[in-house]
*Asks:* 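Starting off with a structure, shown below.
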Amino acid sequence: MTATLPTTVAPETGRRPRRRGAGAWRVVTLAVLGLYFLVPIAASVWYSSRSNGALTAEFYTGIPSAPGFAEAFGRSLVLAVLTVVLSLLLMLPTMVLVDLRLPRLRPTVEILTLLPLVLPPIALVVGVRSVLAWAPDYFYGTPLAEAFFALQEPSLPWILVLVYVVLALPFVYRALDAGIRSVDLRTLTEAARSLGASWPRVLVGVVLPVLRTSVLNAAFLTLALVLGEYTIASILGFQTFPTWIVEVSGSQPQLSVSVSVLSLVVTWGLLLLISALDRRRAGKDS
Amino acid sequence: MTTTPDRPAGVEALRDTPGVGVQLVGLTRRYGDVLALDGLDLDIAGGEFLALLGPSGCGKTTALRAIAGFERPDDGQVLVDGRDVTGTPPAKRDMGMVFQAYSLFPNLTVAENVGYGLQVRRRPAKERKARAAELLELVGLAANAGRYPHQLSGGQQQRVALARALAVAPKVLLLDEPLSALDAQVRVQLREEIRRIQLELGITTVFVTHDQAEALSVADRVGVLRAGRLEQVASPDELYERPATAFVAEFVGTMNRIPATRTEGGVELMGVRRPAVGDVPVSGDVVALVRPESLLVRADAAGAGRVVTRTFSGASTRLAVALPDGAEVVVDVASADSQQLTPGTAVTVTPAERPVLVGAV
């Protein structure tokens, strides 16, 4: 016996063309956004890879030996790592404490951490500069004055780390908050405590691994923020990677653009590396 | 940090160590205006399996958390083996706890989870592995040692949590509604398994639940809590057969509330007189509290009752019977004797010849 396949065709409904239209919009939106991001990058690559009308890589190969590059880039990396570590040391225990013991403080902490977004960096840096100018004189002859000088040491300006920690607060808070809300931290920490673990051990051995994706996200956002921050470093008179780029752009514009392109690639590379590490870990777990 | 580094771990250690007693003395805990524990006194014998039963908000979990050290009582003491541990942090109490929510560390394998407490106590890796294998064998999950928590079912996760709690050879095992997230069949299976393990190891166990069937089926004694106070602590049989208060009578099992009249030396209900028990006035209107199996029903064309529904549940059948005054009672009868008692049948209902618990109206 053979079955007869139905030959009737479902009548056209109004849904399909609408979906097609929505798909088209999606493509257009993505294309516009893509062009918005890619055109300047492509133009930068084009500009930095041509010399006298011919293709060249000299502006890229010349980056490591460019005067001041290694120093500025190294300093920015150190600042970024210190900022990441300090931000996490400050925020992770605070947020765990708020989640477990002081949930009523959550809105207050949220508002406090969002302040850097509404406070213009210029206002922040002017305030910081005033304090730095006033404090050493005021505390002259005391260890506090020495501390203020140490904060402004040009080779490693700790004052930038402190300011960057403040600027990174909204990003670190958001990233960690998303992670904390997605797990039952109370039960996990209590389970570890009942098994004899001390609080530091609970934080390092239980909380940190559970929140590793959030911690990585927070670290990456902070890293990107510090590697790209210009205003504060410039106004306070420190040389970092972004201020160096601006400095060389006057005398060697193509080199500065090639460095910008490379920094973009490095940032994206870091992002991919972090997400690959996270995926590998997740894969290992499963 | 180590708690008691020389304390032996594992199943053998638990078998060899007699269970320790736990005493709660005048335990009080307030949350703002709410009194969660109101001077709770409780004495748990060594090796005993005690269930704390009560409705939501009665304070049973607060009491358990106070024993574990996660709640600091406003007043009163927690004594373990005669030693006051009220101010001792949870990490130093040597107690194993299984939580209501799944609490396995997601980044660790099953074996690593079970060995976590031993790792905290800095036991060698070889010993941790051996203890984990031993305990996983005990809970029937030896084949899952290398898996991660998300690869296990809810029941398996709670079994691992139990093995993890037992791995450190705790003095007391605390179970905070560990079965409530599981489906009915797994709940029954796991509660029997918990009881089997508890009997095998002889460990003092406190089990918090709001499910009376769970409490009555596994515990040596059941403590019924209401508004932070113990209404009664007794064996399941005694709790069911001789409830101390009307609240216990109605909370544990099904109970009919039948209008009755207190008379000299007894109580009159459904036209018959029975001996009365309970703390009630000497005369006047009262409520008789009668279990479904303590009512007798027979088909009677002249009877004033009418069978409303008939629910078959294997060996017994539950009948809902409407009485002439509009009240409805439920009666349990042997299924073999209930063939004629279909809905609409006229019946006569009488209380069995035994003392009847009475309460105020």
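Numbers restart at 1 for each chain; the letters A, B, ... are given by sequence-line order, proteins then strands.
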*Asks:* Which region of R164(B), side chain (C-beta onward) or backbone (N, CA, C, O), has a non-hydrogen atom less than 4.5 Å from a non-hydrogen atom of chain A, or is it both or neither?
*Replies:* both
*Asks:* Considering only heavy atoms, which portion of A68(B) lies under 4.5 Å from any heavy atom of chain A: side chain, backbone, both, or neither?
*Replies:* neither
*Asks:* Which residue pairs pass the side-chain hydrogen bond (donor to acceptor under 3.5 Å, both in side chains) test with at least one member in residues 77-99 of chain A, sequence neighbours excluded?
*Replies:* D99(A)-R106(A)
*Asks:* Hey, does the side chain of R93(B) reach the backbone of G196(A) with a donor-acceptor pair shorter than 3.5 angstrom?
*Replies:* no
*Asks:* State the CG-CG distance between L195(A) and D94(B), to the nearest 0.5 angstrom.
*Replies:* 10.5 Å
*Asks:* Is it the case that over 12 heavy atoms from other parts of the model lie below 6.0 angstrom from the CD atom of E71(A)?
*Replies:* no
*Asks:* Please report the closest heavy-atom contact between G205(A) and N107(B), naming both atoms and the distance.
*Replies:* O-ND2, 4.1 Å
*Asks:* What closest approach, in Å, do Q119(B) and R201(A) show between heavy atoms, and which atom pair accounts for it?
*Replies:* O-NH2, 3.7 Å
*Asks:* Do you know which two heavy atoms are closest between E190(A) and F70(B), and how far apart they sit?
*Replies:* O-CZ, 3.1 Å
*Asks:* Go through the atoms of L174(B) and report whether side chain, backbone, both or neither lie under 4.5 Å from a heavy atom of chain A.
*Replies:* neither
*Asks:* Would you name the heavy atoms of A91(B) and A197(A) that are closest together and state the gap between them?
*Replies:* CB-O, 3.6 Å
*Asks:* Would a 4.5 Å heavy-atom cut-off, applied to side chains only, mark M97(B) and R193(A) as touching?
*Replies:* no
*Asks:* Heavy-atom count around E110(A) CD within 6.0 Å, excluding the residue itself: above 12?
*Replies:* yes
*Asks:* Using the ring-ring contact (aromatic ring centres under 6.0 Å, His included) rule, collect all pairs that involve residues 104-134 of chain B, keeping only residues at least two apart or in two chains.
*Replies:* F105(B)-Y116(B)
*Asks:* Can you tell me which portion of Q100(B) sits under 4.5 Å from chain A's heavy atoms? Options are side chain, backbone, both or neither.
*Replies:* neither
*Asks:* Count the heavy-atom pairs under 4.5 Å between each of V210(A), D184(A), L188(A) and chain B, then report the option with the highest count.
*Replies:* L188(A)
